[in-house]
Each structure stands twice: as C-alpha cells, then as structure tokens.
Amino acid sequence: MIQNNNNNNNNNNNNDKYNNNLKSNDEETNEILFWKVIRNIVLFKHITSFLRVHFRFGYYGYDEIKSVNWMIKHKHYSLLKEKIEKGEEGLSFFRYYYQCFKGSKLVAHSIFNVDEPLKSDRVFYRSLFKNYYNYFINELLLNSYECIDSEFLANSINKKEKEIEKEKEIQSKHQKQLFIDRLIDYDNQVAYSIIIEDYGLHKPTDEDFIFSINQGSFNISLYLISTNKVIINKSNIEKIWKSILFHEINDNYDSNNYNNNNKIINCSVDNKIDFLINKLKLQYSPPSKVMKSVEDYKFNYSIVDSKLNDLLNSCFSISHLNFSKNNLNNKKKLIEKSKIPFIGYLIPDKVIDEYLNENYFSLSLEQLKEYKKKFEQFDLLEKLVGQIEINESNNEMISNLFKMILPYLYDSNSFLNYVYYLVMLKSQTTINTTNTSSIVQYSKYIITMDERSLIFPNSNINLNKKIIILNDILNEYRTHSKDSFEITEKLNPIWNEFINYDVNKDLMDRLYLTFKEFNLNPPGDSSPKSPQMLDYLISIKYYNVINYSNFFNNVPMMGYFKSKYPTEYEKSLSEFKIGYTNFYNDTIDFVINNIDDFKENLIANYIDHSININTYNDYHSNHYNPDVTINNNNNNNNNIKDINSLDKNEREKCLNIINDPLKLRYYLREGRLNQLILFNYYENNSGLSDLSEITNEHAIINEICFRSDLKSIETFLSTKDSQRAKWILYYASLHGSLKVFKYIHDNSNHQWIYKDQSLLPKEIYHSFIFSFLTDIIKIDCSSIKFERSFI
C-alpha cells in the first residue's frame, strides 16, 4: 500500500509538471494573441466600442484624450506613458490655467512634475524628448521657432540686423534657462540629466546648484555634486552661502553685487543648512565675512503645529551660524520699546514680563546630536510638538529647544510659541485633577482664542495638565465676572471652540457645569465633528441646537448619526441644503446610497436650478466671445420659468437624473447649472446633430473641442456662422486640439474660415498649432500673439 501510494504520488507529480508546462505554454500563446489583437487598430477600436457608457459625462474615449495636463491631473499615468512612448500625434502638453502657485514653489500639472515611479522613469523621458523633439528640444532649448514670436517681430521692425540677432540670442538664452529652471523647480533629476548627458544642451552651473537648494530640489543638488557637475571649493563657497542664506530676503539677490548691509535670515534656511551639512557633508562653514553681515535669525512659524524635527533643525541652524547671547538682549530692548512687529496678536503683559526675565540658553552641536538620538529612540521626531505627551523623559530636552529659539522670535505672532512654553513646559505645577486652583496663574497667559488654540486641541494629550489650566481660567471668570451677561460673553466662545477642537469629555463637563452654575445654557448652532462629541451633546439634551446640516460634508458623522439616532436624523433632513456647491465623492456616495432620504430635496433643488438656468444661459450666450468683450447691460430674462409651470416632461427628466446613480453622481459633482446645459450632449453618444435646443453654445463648444469631437464640430461649422467658427478656433487653440485645425483645413466646405483672419484667436498657447497655421496653411500670423506656457 505504501509503495503504491508512493508510485501514485510520483505519477501525480509527473502529471502536475506536464499540466503546468501545458498551462505555461497556453498562457504564453494567449499573451501573444492578446497583444496581436491590441496592436491591431481596427480590432482594438471595435472591441472598445462595446465599452462605451450611455451617459458619458466625465468619460472620454482613447482618441479623445489629448491633454497631457488632464491625464496628469487625474493621475492616468499608465495611459500617459503608453501615449508618450508610442509618440501619439497631437498631444497637448501645455494648458496655461492649470498652473498655480503654492507658497514660493511652483505647482503645476506638468509632464515634468508627476508622481513616482514615473518621475524617475528614464525610458519614459527619453521617449518624450525623442518623440516630441520639436516640441521640447527645438522650441524650448534650441529656440528654432523664434520666428513665431510675433510680439518680438513687431518690436524689431525698425531695428538693425545686428541688434535683432543680439536680441534673438538673449531671448534664446532666457527661454532655455526658463526651461532648465522648471526642471530644477520640479526636482526632475532624470529629465535634467538627459538634457545634459544625452543631448549636451546645458552645462550645469553654480547657479543651478544654488537654485536647486533654494527650491528644496535636493535630488538635483545631489546629482550635481555626486557627478562632479558642480564642485564646491574655496572659490565659490562664499557665493553659495550668501545666495542660500539670504535668498528669502530678495528673490533677485545677486551674490556678485553683495553689500555689507545687515541681513535677517529667515528660518526657511533650516532644511537647506541641514541638507548641506548633514546630507552633502559640506566641509565649509559659512565664512566669517558672510556671518558678520547677519543681524538676526527670524523664527516665525508655529512650533505647536510643526514637527519636533523642525524645531530641532532650527536649533541646529542657530548653532551652525554661531549666534550669540546678544540676540536675546537686543530682543528684550525691542520689547521694552514696543518695537516688536505687530502681526495679529497682542502679547499679554504677563507674557512680556516673563520674557524680560528669561536667561539666554544655548545647546552645542554635540548636545543637539545627542538630543536627536534620544528623540529617535522615543519615536518623537516626526510628531507634531502639540501632540507630544510631556513627561519626565522629554520635558527638559524640549524645554531647552524652546529656550534656544527665544531670542529669535521675530514678531508678535511668533510669541505664541513662548506662551506654549510657559504654560506647558516651564510651569512645574504638581498635576492633581482634584485641585481647582494652581500655583501658576494660567489665566494671565491664556486670555484669547489665540492662546486657547495652542493648548486645548489634541486634548487627550497632556489631559491632566489641561484640566488644571481650564480650572484656573474658570475660577478667574467666577471671581471677576460682574454678572451673568459678562460670564456668558466669556464662556460662549470657549464652548464653541471646544466643540470645534473636539476636546475630551472631562473638559466639556467642567465647562458645562460652569454654565449650569450660573443658570446659563451653552450657545446654539454647534457642529460636532466626531461621534464622541455628538454623543456627549445629545447626552446633555443638547440635540435641539445642533447644526446637523454641517454633517453633510462629514460622511462618517452622517452615517453614525443615521444609525444611532434615526429619529433625530429623520427630523434633521429638512435642514440639508444642496445649494450650488460641488460635493466630494464620499458625500455623493452617501446621497446615492440613501437616495430615498434625499429625493424630495433633490427635486426641489433641480426645480430651483431650472428656474435660474435661463439667466445663466442668457448671460453666457449674449456676453461671451473669444475676444473677451463683455456687455454688462443684459436685461433679457424673458425665458425664466415660474416654479409652478414645470411640465410633466421636465419632471420626468428630473427623475431620470435622480434615479440614475451615474447621472446623479455627475449632477452633484460638477455643478448643477453647467450639468443641465450639457446634459443632452452627454446622453447622446453619437454627437450633436441638432443645435435648436442649445441655449449656451460656448459651454458645448468648449467640451467638443476638448474631446476633438469632429462630428459635433461639423454640426456647428455647417451653419456657416462666423461667430461659431471663431469660438471653435478659440477653444481648439486653448485645448491644443490640432485635430480640429486639420479637419477645417482638409474640408473643402470650410475653406472660408481660414480666409477670414478676424476669426483666428488673438493668442495661441501651443507652438504646433502656430506652426501649422504658418507652415502648412501659409497664414500671416503677425497679428497673433504666441504665448509660451512653460512647462
């Protein structure tokens, strides 16, 4: 039996191996067949035609997606990579109004500012520069298309040839540097290195390194140093330190023209100094010539809301820069003369008195390094300071860090950091929650919401200390309030703040009992943010004045409220207003999943919007044109409907939206007015064939040009309406839709459009469209301004 079993097992194993080989061969054959089908354009399009959704708002076909910015914005990176690597024609890389600024660092939906791992994909960027050579290399680096800069040409009419050539050279260098600066700004080390190593079109400079440090683009900084593209030595170290330390003083700072005027260093240098010294292991400290000109170090961020590591880095900076105790004495003199810059916060007198009695405290580099090791052991470095439980093991160290930055508090607002130090760290009150008084008079430090916002959020952290602080404040109110009106004025703000901070129940109880002590009720219209706070407020019979409508943008609260308090939930539904704002996806999901709760409310809002939609249509139809000429005297509101005049068909259309999750989702997500205008277009997968019911044409034209929907575009152009043609050219240019320009050129019925140059856009943002007009159609574009929208 045993032998037979062994034989059977051997046979089974052999069969498994044979079957696995068959399976492996089948999978390989299937994969080859799959890619043959996918790469066959006819078969691929036939297959994907079955995947079309009935309601296509927010859905785009493969061929409709040409905007690189759109793919990046919605993080369709696999699609972007596939299109770039195959070199798809007509992709639009720039869209000027996608760019925005966040702080001092540019944030844009740029192909050089994508997420990892695409940002580090060398194959991807090599394909980009190879397949779109004219777009990036020729235009932005070699400036081969300077002739299309009509503004430059217009200004060159009366100039000599040598002057023109010199200006062209300057323009070319400036444009090239803008491109390189963008790559540095986005910290795209891969694209930057390809330009240098593969194309040899840029020679790195000290200025590149300095700019990368100042922008926090440390990947490029490391690349420049590790590859010896930039070498730091005695000849450039002074320029580098000046440019980095004083960057925030003047963005146009020129280190070569540096003067000896005293400068104030901003604490934004902390990360730069940390990178230079600890990451690059820079052996050169700031030269004494540089440091002699430094007057002060400006500390102006909230420590409570920052990581402990940020505070530690500030102390490292102070130590590296060798500041002295004179800074504290100088700051005290400023306070005594009331010359501290006032920025929104009035420093309490008691706080000023304490500060004037503070002694200078400093930590050496060795001590700071030891602190850092201990903080790492306690796992505190990445925690926000306001969320650290103060105890015997860390109190002294954190206190010493606070004391080290005290001489560098720059304005009145930064003195809130000192308040936190006084209340949470310096005071050595014995923690005893049964006491209603304390040795330290916290009420002298904590007077307004500014101080309370430092102490009471994250109330489960250092809770016992915060109970003592609150008791001291409430005792102060009891003692010095003249009447119930005065104490109400003091207690009401704290109640609302505590609900907003979502404080611990023990703190709420103490505050609530103080209201009752004076026969007072807490203020109404409160909006709890957590189930625990909701439970607390309902437990004290406070539910009649809770503002339930604010739950609408807090879906976890909404679900909790419905499940635990169904009766109150039903009563509160009348308070929910859809309004005109757009909603987050989780809110929309809640509405769809609970559609019976919101159906009547949605119907009422639909009717309200249908009344206002005609005003919206009339305004845009009569006022908008691509030349941005606006007539402000429109009084045509004849089409506005009365709410009682809605017919059966319109109500059915309303229910059609509300009962279809896909349609309702986009109705709520994108804004109701615009949604109703485009509703018929999105419902019709075959494109527009009739313009009779369209009241806002520019909204439709904008969408069909973004999609390059040639069938719908033909419907507009076939009317021979010059204004419609003008709008189509404007939006096609805006979205970089070369396909639309080619379609008009190739269609004999539309030759009249290009013959009328008044129909062309006043500005064009995409060079390939400009080149198509000048090189293929042979149009004189001297009156058109070409606006380069840098990546």
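In this chain, numbering begins with 1 at the start of the sequence shown. Only this structure's heavy atoms are used, side chains among them; waters, hydrogens and symmetry mates stay out.
At a cut-off of 3.5 Å, with distance as the only test, no side-chain donor of Y301 or N417 sits close to an acceptor on the other residue. For the residue pair N504/K466, the side-chain donor-acceptor check at 3.5 Å is not satisfied. Y477 and E489 are not linked by any side-chain donor-acceptor pair at a separation below 3.5 angstrom, with hydrogens and angles left out of the test. If you check the side chains of S708 and S737, you find a donor sitting under 3.5 Å from an acceptor. There is a side-chain donor-acceptor pair under 3.5 Å between S302 and D305.
By the side chain to side chain donor-acceptor pair (under 3.5 Å) test, K75 is found to be paired with D115, residues two or more places apart in sequence or in another chain being considered.
W727 has its ring centre no less than 6.0 Å from the ring centre of F716. Ring centroid separation for the pair F706 and Y731 does not come in under the 6.0 Å cut-off.
Here D535 pairs with K564 in a salt bridge; the nearest charged N to carboxylate O distance falls below 4.0 Å. Taking the charged nitrogens against the carboxylate oxygens, K562 and D597 do have a contact shorter than 4.0 Å, which makes a salt bridge.
At least one donor-acceptor pair closer than 3.5 Å links the side chain of N594 to the backbone N or O of F590.
Nearest approach of D187 to G216, heavy atoms of both residues: OD2-O, 4.4 Å.
Stacking of K119 on the aromatic ring of Y77 is not recorded, the 6.0 Å distance cut-off and the 45° axial limit not both being met.
Listed by first and then second residue, the salt bridge (Lys or Arg N to Asp or Glu O under 4.0 Å) pairs that reach into residues 451-461 are R452-E497, sequence neighbours excluded.
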